[in-house]
There are 2 protein chains.
Amino acid sequence: MAKLKENSTNSQNRRFFTSCDMTYAVQIIGGRWKILILSALGKEAKRYSQLKKVLPGITERMLTLQLREMEMDGIVHRTVYPEVPPRVEYTLADIGRELLPICAQLHLWGGRHRNAATVNARGTGSKPESQEAGDAIPSKPA
Amino acid sequence: MAKLKENSTNSQNRRFFTSCDMTYAVQIIGGRWKILILSALGKEAKRYSQLKKVLPGITERMLTLQLREMEMDGIVHRTVYPEVPPRVEYTLADIGRELLPICAQLHLWGGRHRNAATVNARGTGSKPESQEAGDAIPSKPA
DNA sequence: GGCCATACATACATTTTTGTGCGTACCATA
DNA sequence: TATGGTACGCACAAAAATGTATGTATGGCC
């Protein structure tokens, strides 16, 4: 009960963020899995189960949710083949594909920076090994 | 009680994310305020109170937290002038400055995309007006 | 003394994100 | 009949992010 605070700072900010081009973009690639999925699909279309394999540690729920959001955001396409064991393929839309170079730059920046910054401990273990996340990361975006 | 699950998928994923260059980068610019602060500081050094003015709706707590994190991540510098009313100036570090072009691209992408995508309702109100967030957004990054 | 401003800190509450565990429809194959 | 695979859906739970409210130290000014 008490107050539902529909007009709290939180709500207002949320409204603002979707109205700012930059934060809007960050909301779309933000979160734990979005860019990884993006990169994974950057190489080629993949089906649900393939994405699961490629993304280490993602749960089915998260994969579904993220894909749904990305679909709503118009950066991936979803194609259902009404076959016997169901088959669903995910593809990058054009606007999604436009994000790939940005991902690549983030990847480069991350690499450079992590070597420079001497482990300022934001994770738990933080061994500075650059695991490449399967084929999730586009080594050559173009 | 029950289990604290130190080795839950969550923890493992967190570890993975800091070991992947790309997600590492996203963690740094991700969140509600990071890029806005980044962009704001991209133009010129600013002090705490100035940032507050420039960032619509941010709370002092959030501003402090974000700045602290960005400091730890080595993308901003913090300079304290031991004056009578305290004065603290925040500057972009070099690695922070390297993010500016990426921000600019995100900004561009966001602009293009939001015009194309016909409001798929991720926010509350979602009027497609592109507010420029004060001077937070670098219109010409170079 | 009382009030102002700055740049926070701290306890607490709420919201959002992410994860856990289980179930389902379909048909095939053993 | 039992089991297996695909691509999810759903209820619940834990964790992380964000917001609210209040306090603090300093010295100047009235």
Side-chain angles (χ1 to χ4, degrees), chain A residues 1-18 23 26-34 36-37 46-53 55-69 71 78-90 122-124, chain B residues 1-18 23 26-34 36-37 46-53 55-69 71 78-90 122-124:
Chain A
M1 315 282 122
K3 318 164 195 174
L4 276 196
K5 301 195 180 178
E6 292 287 351
N7 268 43
S8 60
T9 310
N10 207 343
S11 308
Q12 289 184 294
N13 284 346
R14 181 159 287 272
R15 239 161 305 179
F16 163 70
F17 279 114
T18 52
T23 44
V26 170
Q27 281 201 321
I28 286 183
I29 66 166
R32 217 124 154 164
W33 303 104
K34 293 280 182 66
L36 288 177
I37 297 177
K46 284 194 171 56
R47 42 193 302 202
Y48 187 84
S49 51
Q50 292 178 300
L51 283 172
K52 232 183 7 181
K53 272 177 221 150
L55 301 173
I58 198 174
T59 62
E60 298 199 335
R61 176 183 141 80
M62 271 301 118
L63 183 51
T64 306
L65 282 181
Q66 302 308 91
L67 286 170
R68 284 278 180 279
E69 281 184 22
E71 203 191 341
R78 192 175 106 109
T79 325
V80 185
Y81 299 89
E83 296 178 358
V84 180
R87 183 157 68 99
V88 182
E89 253 194 13
Y90 292 92
R122 273 170 60 90
T124 316
Chain B
M1 312 281 127
K3 318 164 195 173
L4 276 196
K5 302 195 180 177
E6 292 288 350
N7 269 43
S8 61
T9 309
N10 207 341
S11 309
Q12 290 184 295
N13 284 346
R14 182 158 288 272
R15 238 162 308 182
F16 162 70
F17 280 114
T18 53
T23 43
V26 170
Q27 280 201 320
I28 286 183
I29 66 166
R32 217 123 154 166
W33 302 105
K34 292 283 182 65
L36 288 177
I37 298 178
K46 283 195 172 55
R47 43 191 302 202
Y48 187 85
S49 51
Q50 293 178 301
L51 283 171
K52 231 181 12 179
K53 271 176 223 151
L55 301 173
I58 197 173
T59 62
E60 299 198 335
R61 176 184 142 82
M62 270 302 119
L63 183 50
T64 306
L65 283 180
Q66 302 307 92
L67 285 170
R68 284 278 181 278
E69 281 184 23
E71 204 191 340
R78 192 175 105 109
T79 324
V80 184
Y81 300 89
E83 294 177 3
V84 181
R87 183 158 68 99
V88 182
E89 254 194 14
Y90 293 92
R122 273 169 60 88
T124 315

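Letters A, B, ... are given to chains in the order of the sequence lines, protein chains preceding strands, and every chain is numbered from 1.
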Checklist entry - A:Met62 CE to D:dG9 P: how many Å, rounded? => result 13 Å

Checklist entry - Taking only N and O in the side chain of B:Arg32, is any of them less than 4.0 Å away from OP1 or OP2 of C:dT16? => result no

Item to check | Nucleotide C:dG19, atom P - distance to CG of A:Leu63 in whole Å | outcome: 11 Å

Checklist entry - In whole angstroms, how far is the P atom of C:dA7 from the CG atom of B:Leu51? => result 10 Å

Checklist outcome for this item: Atom CD of B:Gln27 and atom C1' of C:dT18 are separated, to the nearest Å, by 13 Å

Item to check | Comparing A:Pro86 and B:Gln50 on DNA chain C - which has the more 5′ nearest nucleotide | outcome: B:Gln50

Next on the checklist: Can you work out whether B:Thr64 or B:Lys53 has the more 5'-proximal nearest nucleotide on DNA chain C?
Outcome noted: B:Lys53

Next on the checklist: Quick check: do A:Arg78 and A:Val88 have side-chain heavy atoms less than 4.5 Å from each other?
Outcome noted: yes

Next on the checklist: Any non-hydrogen side-chain atom of B:Leu63 less than 4.5 Å from a side-chain atom of B:Lys52?
Outcome noted: yes

Item to check | N/O donor-acceptor pair under 3.5 Å between A:Tyr90 side chain and A:Glu71 backbone | outcome: no

Item to check | Any B:Arg78 side-chain nitrogen or oxygen under 4.0 Å from OP1 or OP2 of C:dA7 | outcome: no

Checklist entry - NA contact type, A:Tyr90, heavy-atom cut-off 4.0 Å: base, sugar-phosphate, or nothing? => result sugar-phosphate

Next on the checklist: OP1 or OP2 of C:dT20 versus the side-chain N and O atoms of A:Arg61: is any pair under 4.0 Å?
Outcome noted: no

Item to check | Rounded distance (Å) that lies between atom P of C:dT20 and atom CD of A:Glu60 | outcome: 12 Å

Checklist outcome for this item: Rounded to whole Å, the CD-P distance (B:Glu69 to D:dA17) equals 7 Å

Checklist entry - OP1 or OP2 of C:dA7 less than 4.0 angstrom from a side-chain nitrogen or oxygen of B:Ser49, does that happen here? => result yes

Next on the checklist: Go nucleotide by nucleotide along DNA chain D from the 5' end; which of A:Leu67 and B:Leu65 gets its closest nucleotide reached first?
Outcome noted: A:Leu67

Item to check | Selection from C:dC8, D:dC8, D:dT6 that lies nearest to any side-chain heavy atom of A:Arg47 | outcome: D:dT6

Checklist entry - Can you find a heavy atom in the side chain of A:Leu36 that is under 4.5 Å from one in the side chain of A:Trp33? => result yes

Next on the checklist: Could you check whether any side-chain N or O of B:Glu69 sits under 3.5 Å from a backbone N or O of B:Gln66, counting only pairs where one atom can act as donor and the other as acceptor?
Outcome noted: no

Item to check | Nearest-angstrom distance from the residue atom CD of A:Gln66 to P of C:dT18 | outcome: 6 Å

Checklist entry - A:Ile58 CD1 to D:dA7 P: how many Å, rounded? => result 14 Å

